[in-house]
Structures are given as structure tokens and as C-alpha cells.
Number of protein chains: 4
Amino acid sequence: MSPRTEKQFEEIRETRKLQIMQAALELFAREGYHSTSVARIARYTRISKGLLYNYFTSKEDLLDSIMALGIQKFHHILEEIQHELDTPEELMMYIHGGFEIIRREPEFYRLLFSVFFQPGVMETSQNQYRETLDHLTHDIALYFEGKGDENPFEKAMLLGNMIDGVGLHYFLAPETVDLDKLEKIIFELFK
Amino acid sequence: MSPRTEKQFEEIRETRKLQIMQAALELFAREGYHSTSVARIARYTRISKGLLYNYFTSKEDLLDSIMALGIQKFHHILEEIQHELDTPEELMMYIHGGFEIIRREPEFYRLLFSVFFQPGVMETSQNQYRETLDHLTHDIALYFEGKGDENPFEKAMLLGNMIDGVGLHYFLAPETVDLDKLEKIIFELFK
Amino acid sequence: MSPRTEKQFEEIRETRKLQIMQAALELFAREGYHSTSVARIARYTRISKGLLYNYFTSKEDLLDSIMALGIQKFHHILEEIQHELDTPEELMMYIHGGFEIIRREPEFYRLLFSVFFQPGVMETSQNQYRETLDHLTHDIALYFEGKGDENPFEKAMLLGNMIDGVGLHYFLAPETVDLDKLEKIIFELFK
Amino acid sequence: MSPRTEKQFEEIRETRKLQIMQAALELFAREGYHSTSVARIARYTRISKGLLYNYFTSKEDLLDSIMALGIQKFHHILEEIQHELDTPEELMMYIHGGFEIIRREPEFYRLLFSVFFQPGVMETSQNQYRETLDHLTHDIALYFEGKGDENPFEKAMLLGNMIDGVGLHYFLAPETVDLDKLEKIIFELFK
DNA sequence: TATGAATGAGGCTTCATTCAT
DNA sequence: CATGAATGAAGCCTCATTCAT
């Protein structure tokens, strides 16, 4: 029973933090940010309110942290498929990436939308997200330009918009949306 | 001096009701439903909090009323373009209808999204809206079927999703979105 | 169509006033004083709130008026049976009087109790009622004194208390109380 | 320094809960349920409004808790005198029990009456209390039956009614009521 | 580190009363 | 005489946050 090293403590902290964020994400997505009380999150995580404030300075800080982490994951998914974007096959990978986010992190995605429509909250995260998207749009625009498309930038935007639109409807009524099929059709539409 | 007639009362009520709804729509869209207090709405309308409850039984009733009115307007716009959907030109009219809603009732549209991501609120209006959309999607699917498309229903859904996606980004950053241009490109994509 | 005389107006006013009081008594008794809004009373009487305030200066004034009228009726019933109180038959009349109040004006009686337990309200009426009761008790005490009872005053009080006790339970659960039978038994107990 | 144990928390909770209930009982009895605001209770207990809701889910829950506790005490008093009810001496004990409640828990008793005349409030507690009373009445009826009384049930009811009647007047004007004396006279009347 | 009692500002709602018409 | 729109104070309740232990 040697005393725990600093590093071990740090790890415990990190784990706790993630636990809380995961619980909060679930609740925020399911019940909405404003309708989820800090007490509820603490209870759901089986810790005390006090302890929660040990990890996050405020409810909004908790939200920010969740969003930041979500955007990180978002980046990871994009990086997995990051390489030249010249051939239709590579475009397909991009589209697939977008759908993967919907598939893998539905709660985060839902929260993202919900938060984007609550102005005043979370402007930092919003900007981060938008920046990421802008880069992506730019890359895709280059692809369309290479193909000789007349409006490459608008095409790229529309592709992004469409994926978001699909995500939006997917979260409102998942049972009516066949992601795999839509993914293919979108590719046919834009390739 | 002489007492007000029933009709006068009716007019006062109607005017006030619309005033309140307009103010609330603006605030809800701008700041979010939960972040907008009844006190704020009353102040913004320059009436007392009490009076608001003379017209709406609760804050949620106010939201419902706004949504119901919005959906009505939505119907009106659709009816304006209601006719056979056989030729590409007619499809263009439909797409134009979708964009018109974004253009003419941006606040309502924004509130619609925001409310759709606030679970627990407003399930009635959500269903009303979804029904309207389902009809529309069905009509458009028939068009694609007529054209011999392999996945007419999915195509129709995607068209709807895309317009919503455009709307979504339009409300997040209007200055970066050229609605007219996008409208045309979408038409080219789907015609 | 001669113009109405002052007296006619007075009568109309009086009728209206009684209408309102009757409605309010009913509602107060059924739902409680605090739980009955002025708006409700007005609606129930089919007049406007404004008009109600034309007849009563406040909600409490309305309550006072009701109580005063009730106490008047109370007096009338007592006067009907007012005469010497020497023989058991005459005592029986007194007891009967008490029960008649319960039978004829149940709502008033119920309101009376309810109001007596809301201190701070209606002290005037309370005092009026208590005075009336004191007189009554005194008269009855004389009867018991004449019979040579050792504690005539206490006996008189107890008789009064018992009738109130019966009334109290009668209003809580009328179906379990057989007023006629109890009346007779009480008489046997005290004669 | 060291965190509080579960037991300490439990004690704090229990103490506070009773404090609040005691304060509320006093105020409810003195001023009436509706006329006593939650703010007033909190101020009187020297705690914040918020804390009160840490212990009771609503104002009505607070009332319910008070009534439940009162009825418990009521039971205790009855249990103290619980034994066969055959001889007049034993009847006397019962009557004494009734008076003890008036003497020991005057506020609860007063609140009980006041609440019984506030329709819509507290129907659960009312039923609990009524059940208790019904049992009691039944026991006493058996006594009168044993004595060969013609109307044993009515006699028992009247005895109960009378005690309530005394209680009622006692709370309206305590200084005019000599409980000890009345207790004896009632016994003479019913033995 | 961990607890949950405690606070207080602010939210939604009701309602007696006034007043222009 | 009659109406009901309008007010504003007050009521109940929630909840993010702090703090003693």
C-alpha cells in the first residue's frame, strides 16, 4: 500500500472528470441543458454537488468542457480520413466521415445542435466548431474546383449542409432515417 | 364614456395577443426559450407580467401559440405554390417555397429548430410540423418516381434535409450564406 | 315606460347585492374563502368584476356582508322560538332552533366555522356572533338554574357546544349524521 | 475539518425538520394556512426559503407532515389510556383522553379544525383522522350498548361531538372555558 | 478529497383592485 | 350602470453556487 503518486492522483481526477462529462452529456442531450440541474448530474454520477464543483467551476464550464471534448473527437474522426482529396473515392471517405460522427456520437451531435440554438451560451465552442467546418469546406471546395465545377464553394457548403440536415432529422426521428442508404445517394449526387 | 362594445374588446385582445406573440417570438429566437423570462417578454411588450397571463395561460401556451401561428404561415406559403408537381419548373417552385420560408419567417424558422432540440417542450407543435413535412416529402417523392429515380423517397427526404441544413447554417451565420445562389444550385442538383 | 323611480333602482341594487352574496356564500363554503377568486364570483353571478366592486368595496367587505346577513337570519330563527324558557318543552324548542340553523343554512354555517378558524379576518362578525351566543347561553343557564342544576352555566355552554359539535361533524360528513335522531337524544340528555 | 458522518447529517435533518414543522404549526394555527406564506415560515424559523424546500416538497407537504405528526401524537395519547372500556371509570379515562389532546396539543387541534374547513386541502390527513375517530366512536358505542342504551352509536357520536364542540369554543375564547369542570360534567352526563 | 446543508436571486403564476371607455 | 383590460404586489418554487465540517 504505497502512497499514490502524484501521477496516479492526476489519473483519478481525469477519470472522474470524464465520468461527470459523460453523465452530463447524456442528460443534456436527453433533457436539455436548462432542464438538467447540477444536482441531477451529481446524483447520476453518484457524487456530491460539492465534488462536481471541484472539477468544474460552473455548470457552463462543464458544458464547455463537453463541447470541447466533442470537437476533439470530431477532429480525430476527420484526421483518420485525412489525406489528399482528389478522387471521387476520397470524397466518399469525407462523406463517410460526416456520417460516422452522426453514428458514433449521436448525443454529442444532438447537444451540438441544441446548443447552437441557444445563443449567448458557448460562443467559444461555437467558434471552434465553425472554424473546423470552414477548413473542411475549403478542402472540399478545392475538390469541386478541380473537377471544374462552376460554384465549388457553394457546392462544398451544400454538401456540409446536407449532412447536417440529415443529422438534424436523424435526431428528431432516427427510426425514419436510413443513414447507409442516404450516404450512398449523397455520394452519387455530389461525386 | 359609453362602455366599449364587444367588438372593441375583441379587437384590443387580438392586437395585444399578436403584439405579445411577436415580441416573444423575437426574444425566444434570439435568446432561446428557457433564457427568456416572462418578465422580459412583458417588459419588451411594455405591458405588465399579469396582463400576459390574461392572454396566455402559461409561458408554454405562449410558445405553442407562436408555433401554431408559424405553422399556419408555413401552410400559406405552401398553398401559394400548390399545384401539380410534374415538370422541373414546378419542382423549382417547391424549392423556392422552402427558401421563402427561411427568408420570410426567419425567426419562426430559428425558433422551430431551437425548440425541436429542447426535449419535453412542445411535443404537439412538433407533431403538427412533422405531419406537414411528411405530406410535402410524399408529394416530392412522387415527382422523383415519375422521373424514374431509383430512390424517390430518399431523394425527397434529402432535398428537405438539405433545405433545413441551409436554413440551419443561415441562422448561425447569415452573412456567409447566399440564399439565392444556393437555391439555384440545389435545383440543378435535383432536377 | 316611465323612468324608474329611485326606489326601483334601490330595489334592483338590493337584489343584485343579494345575488352576489348568495353566489359568494356558495363558493366560499364549497371552495374556501382564499381559494375563491373575485373573478370566479363575478363569473358565477354573470356580472363583471367591475360591477361587483360597485356593490362591495372589497372581497373582505363581501365576506363581512355575508356573515352579517347570516347572523341576521340566525337571529330570526331564534326570535321565532323566543319566549319564556321554563318548561322542558320550551328547552326542546331551543334545541330545535339550533338544529334548524344547521338544516336551513348549511352553507352559512360551514362558512362560519371556516371563518372562525381564520384569525385576523372578520373579527367584527366573530364578535357579533359570540355576543348572540352569550345571550342565548345566559337564557339557557337560567333554565338549568330553575331546575336546580348545580352548574347551570356550564350545562348551558355544553348544550351549545354539543350542537356546534354536531354541526361541525355534519358538515364534514353529512351522510353519517341523522340530525333528527340526534336532536331527540340531546333533548333527553339535557331536559 | 473531517467531513460530517451520515449520522450527523441525519441529525441535522431531523432537527431542522422538526424546527420548521413547529414554526409552521404555530403560524398555521395562529394565522391560518393560506394566510401564512412560506416566506413567513422561513423567516420565523430563521432559515432561507430555499432550505425549507430541502425538507418539504411543497407547502402542502409541510402541512401534511405536521398533520401526520399530530395524528401520531393523538394516537399516543389514546394508547396511554388504552384498555377495556367497561366501567364508568374507564369511560372517564376516555373522556379525559379527549381533553388531554385539547390541553396538550392545542395548536394541532386548532389547525385540525381549520384545515377541515378548507376544502380541497389535505384530504389524505382528513381521512386518516376520521378513521381514527371512527374506531374510537365504535369502541365507545360498545360501552353504551353494554349499558343497555337504546342508541349506543348516536350516544358515542354525541360524546365525541361534544368534546369537539368544547375544543372549538376553547380555541375561540380559551379564557371563558374551564376544561376541568366541563370534563367532569360531561362524564356525569354520559356515564 | 468529499459531503450535503444552506443561501438567495430569480422564475412562473395568481389575484385583488383600478380605470378608461 | 357595466365591462374587462390592465396593474403590481405577492405567492410558491427551483436551482446554481458556497461553505462548514
Side-chain angles (χ1 to χ4, degrees), chain A residues 9 12-13 16 34-43 47-62, chain B residues 1-6 8-13 15-16 34-42 46-62, chain C residues 4 9 12-13 16 34-43 47-62, chain D residues 1-6 8-10 12-13 15-16 34-42 46-62:
Chain A
F9 269 123
I12 293 176
R13 270 190 77 81
R16 261 290 155 74
H34 284 105
S35 304
T36 303
S37 70
V38 171
R40 178 92 196 276
I41 299 168
R43 225 180 306 129
I47 60 168
S48 68
K49 270 179 293 174
L51 190 54
L52 192 150
Y53 277 89
N54 213 313
Y55 291 99
F56 302 93
T57 63
S58 69
K59 191 185 178 187
E60 192 163 347
D61 177 36
L62 172 54
Chain B
M1 260 303 174
S2 58
R4 269 181 277 223
T5 65
E6 196 145 320
Q8 278 172 314
F9 277 127
E10 194 56 43
E11 271 167 26
I12 291 176
R13 282 193 75 79
T15 312
R16 263 292 141 80
H34 281 109
S35 304
T36 304
S37 72
V38 170
R40 178 92 197 279
I41 299 170
R46 291 173 195 283
I47 60 168
S48 65
K49 267 182 297 176
L51 187 56
L52 192 150
Y53 283 89
N54 216 317
Y55 292 97
F56 304 93
T57 61
S58 67
K59 191 186 176 186
E60 189 159 352
D61 178 38
L62 172 53
Chain C
R4 273 178 272 215
F9 270 123
I12 292 175
R13 268 192 79 81
R16 262 291 154 78
H34 284 104
S35 304
T36 304
S37 71
V38 171
R40 177 93 197 277
I41 299 169
R43 226 179 306 127
I47 62 169
S48 67
K49 271 180 294 176
L51 191 53
L52 192 151
Y53 277 88
N54 214 313
Y55 291 100
F56 303 93
T57 62
S58 70
K59 193 186 177 186
E60 192 163 346
D61 177 36
L62 173 53
Chain D
M1 263 297 173
S2 60
R4 269 181 276 222
T5 65
E6 195 146 319
Q8 278 173 313
F9 277 129
E10 193 56 44
I12 292 177
R13 280 192 76 79
T15 312
R16 262 293 141 78
H34 281 109
S35 303
T36 304
S37 72
V38 169
R40 178 89 197 279
I41 299 170
R46 292 172 193 284
I47 59 167
S48 66
K49 266 182 298 175
L51 187 55
L52 193 149
Y53 283 91
N54 215 317
Y55 293 97
F56 304 93
T57 60
S58 68
K59 190 187 177 187
E60 190 159 351
D61 178 38
L62 172 54

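- No engagement by A:Thr57 is indicated, since no non-hydrogen atom pair under 4.0 Å with the nucleic acid exists.
- Rounding to the nearest 0.5 Å places OH of A:Tyr55 at 14.0 Å from CG of A:Asp61.
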Item to check | Intermediate values then yes/no, side chain to side chain contact (heavy atoms under 4.5 Å, CB included), D:His34 and C:Ser35 | outcome: CA-CA 9 Å; D:His34 281 109; C:Ser35 304; 3.8 Å; yes
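- Summarising the geometry, the separation between NE2 on A:His34 and C1' on F:dC15 is reported as 12 Å, rounded to the nearest angstrom.
- Between D:Ile41 and D:Leu62 there is a side-chain heavy-atom pair separated by less than 4.5 Å.
- Rounded to whole Å, atom C1' of E:dA2 lies 13 Å from atom CD of D:Glu6.
- Considering all non-hydrogen atoms of both residues, D:Lys59 and D:Thr36 come closest at NZ-O, 2.9 Å.
- Residue whose closest nucleotide on DNA chain E sits further toward the 5' end, between C:Ser58 and B:Gln8: C:Ser58.
- Note that the OG atom of B:Ser37 and the NZ atom of B:Lys49 stand 8.5 Å from one another [nearest 0.5 Å].
- Rounded to whole angstrom, the span from the CD atom of A:Glu60 across to the P atom of F:dC15 amounts to 17 Å.
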Checklist entry - Going through the distances and angles, do D:Arg13 and D:Asn54 end up as a side chain to side chain contact (heavy atoms under 4.5 Å, CB included)? => result CA-CA 9 Å; D:Arg13 280 192 76 79; D:Asn54 215 317; 3.9 Å; yes
Next on the checklist: Both atom distances under 3.5 Å, Watson-Crick or G-U wobble: I'd like the secondary structure of DNA chain E as a dot-bracket string, with | for pairs made across strands.
Outcome noted: .||||||||||||||||||||
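- If you check every strand for non-hydrogen atoms under 4.0 Å, A:Thr36 touches sugar and phosphate atoms only.
- With B:Glu11 contributing its side chain and B:Gln8 its backbone, the two residues share no donor-acceptor pair below 3.5 Å.
- Atom P of nucleotide E:dC12 and atom OH of B:Tyr53 are separated by 6 Å, given to the nearest angstrom.
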Anything under 3.5 Å between a protein N or O and an N or O of nucleotides 5-7 of chain F, put it in a table, one pair a line.
from	atom 1	to	atom 2	distance (Å)
F:dA5	OP2	B:Arg13	NH1	2.7
F:dA6	OP1	B:Arg16	NH1	2.5
F:dA6	OP2	B:Arg16	NH1	3.4
F:dA6	OP2	B:Tyr55	OH	2.6
F:dA6	N6	C:Lys49	NZ	3.2
F:dT7	OP2	B:Ser48	N	3.0
F:dT7	OP2	B:Ser48	OG	3.3

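- Separating the CZ atom of A:Arg40 from the P atom of F:dC15 is a distance of 11 Å, rounded to the nearest angstrom.
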